[in-house]
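The structure appears right after this line, and notes come after that.
Atom set for the values below is all heavy atoms of this structure, side chains included, hydrogens, waters and symmetry mates excluded. Along the sequence shown, residues carry numbers from 1.
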Amino acid sequence: MTRFLLACSALALIGCSATETADAPVEAPEAVEEMRLTLADTIAHPRRADDAARDQFRNPLPTLEFFGVGPGQRVAEIWPGWYTPILAPYLAENDGTYIAVLFPEGINERIDARVSGFKEKYADEETFGTIEYASFWNFEGGEEGERQGATLSLPDDSVDRLLTFRNVHNWMGRGYAEEAFAEFYRAVKPGGMLGVVEHRLPETRTQDPRGASGYVQESYMKALAAEAGFEFVGSSDVNANPLDTADHPLGVWTLPPRSRLPEEGSEAAKDFDAELYKNIGESDRATLLFRKPAD
């Protein structure tokens with residue numbers, strides 16, 4: 001808690017509001033004379049037919065443009081999935097590199113299967129390019145059972161963009177959000193960017209430090225980033241959903257795509273209207289951009 005309060009003080013010195021926006025210009029290397037494949041073309045490709053229905057809530061084109069993703073960049077995504085069929089082909093065609101930051105092997109059989117399945121799904125280099133792999137996890141245990149801390153297996157100052165979508169509450173829930181942002185800062189190049197999309201909790205509500213509802217306040221994420229050393233660049237409402245009150249009986253998972261149902265006979269099941277939550281759509285989301293200082 002002390003470290004978080006220190007971060008809040010650092011945030012106050014930055015003096016940025018939640019409604020600020022900023023341009024994130026893409027600096028393409030000289031070797032890239034022209035963009036051979038645009039983000040719009042990649043998003044419109046037929047191979048994304050199954051994913052396209054969620055574009056109305058996830059807004060991939062304006063989101064990636066806001067994050068300044070462009071040709072020649074090294075772009076890492078933490079715990080990837082939905083964005084991979086966009087980022088991997090786009091970067092492969094434009095002299096960039098996509099780095100999929102997965103779970104490390106050996107956590108459990110279920111996660112190992114997910115990692116293997118991901119690599120198999122995106123093994124076609126002609127379509128997705130040569131994907132580089134790294135890992136991120138909160139290692140626990142050790143020789144004496146001590147907590148090892150969050151570890152990101154990327155070299156220092158190695159990526160132009162590091163992106164994460166709807167993950168901050170997971171790190172809060174396991175108690176290593178501060179360490180996660182510190183590792184992200186280490187891996188981003190000076191002048192590089194961290195892009196964060198997360199389910200947004202209104203500032204008028206009380207933030208659960210564990211993020212149990214799946215919702216996180218923008219101010220909380222800004223404080224985490226500031227404590228790690230990032231500068232706040234701007235926010236965008238491109239992924240906003242004004243219908244979402246962020247106050248649901250089963251947290252954010254009450255909404256699509258999870259659409260979780262309460263247990264029969266439970267208090268939450270009384271007067272539960274699944275159609276109501278379906279009509280809200282996916283969650284209201286904060287879209288935040290941070291920069292690692294160039295010096």
Listed pairs under 3.5 Å, donor-acceptor, residues 269-278 side chains, sequence neighbours left out:
unit_1: K270; atom_1: NZ; unit_2: E267; atom_2: OE1; d: 3.2
unit_1: D273; atom_1: OD1; unit_2: E275; atom_2: N; d: 3.2
unit_1: D273; atom_1: OD1; unit_2: L276; atom_2: N; d: 3.3

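Ion pairing between E198 and R285 fails under the 4.0 Å rule for side-chain N and carboxylate O. With respect to the salt-bridge test (charged N to carboxylate O, under 4.0 angstrom), the residues R58 and D51 do not qualify. The pair D244-R200 does not meet the salt-bridge criterion, since no charged nitrogen lies less than 4.0 angstrom from a carboxylate oxygen. Using a 4.0 Å cut-off between charged side-chain N and carboxylate O, E231 and K292 make no salt bridge. Residues D160 and K189 are paired through a salt bridge, judged by an N-O separation under 4.0 Å between the basic side chain and the carboxylate.
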Please evaluate residues F184 and F290 with respect to the criterion ring-ring contact (aromatic ring centres under 6.0 Å, His included), reporting the C-alpha separation (whole Å), side-chain torsions for both, the decisive distance (0.1 Å), and the verdict. CA-CA 11 Å; F184 301 160; F290 304 95; over 10 Å; no
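Inspection of the N239 and T63 side chains reveals an N or O donor paired with an N or O acceptor under 3.5 Å. Y98 and T84 share a donor-acceptor pair across their side chains, judged by distance under 3.5 Å alone. Side-chain N/O atoms of S219 and E203 include a donor and acceptor closer than 3.5 Å. Under 3.5 Å, the side chains of Y83 and E77 contain no donor-acceptor pair of N or O atoms.
Contact check for R47 versus P89: side-chain heavy atoms found under the 4.5 Å cut-off. With a 4.5 Å cut-off on side-chain heavy atoms, P104 and F136 do not count as touching. Residues F230 and R291 form no side-chain contact, since every pair of their non-hydrogen atoms from C-beta on lies 4.5 Å or further apart. At a threshold of 4.5 Å between non-hydrogen side-chain atoms, the residues P257 and E282 count as touching.
The nearest pair of heavy atoms linking L255 to S283 is CD1-CA, 3.8 Å.
The backbone N or O of L250 lies less than 3.5 Å from a partner atom in the side chain of T254, making a donor-acceptor pair. Judged by distance alone, the side chain of R161 and the main-chain N or O of G68 form a donor-acceptor pair under 3.5 Å. A donor-acceptor pair under 3.5 Å is formed between the side chain of R74 and the backbone N or O of S158. For D41 (side chain) and L37 (main-chain N/O), no donor-acceptor pair under 3.5 Å exists by modelled atom type. Listed for the T164 side chain is no donor-acceptor partner under 3.5 Å among the backbone atoms of I78.
Note: F181 and W171 have perpendicular aromatic rings, judged against thresholds of 30 and 60 degrees for the angle between ring planes. Ring-plane geometry between F165 and F67 is classed as tilted, the angle between the planes lying from 30 to 60 degrees on a 0 to 90 degree scale.
With a 6.0 Å cutoff to the six-membered ring centre and a 45° limit on the axis angle, R114 does not count as a cation-pi contact of W79.
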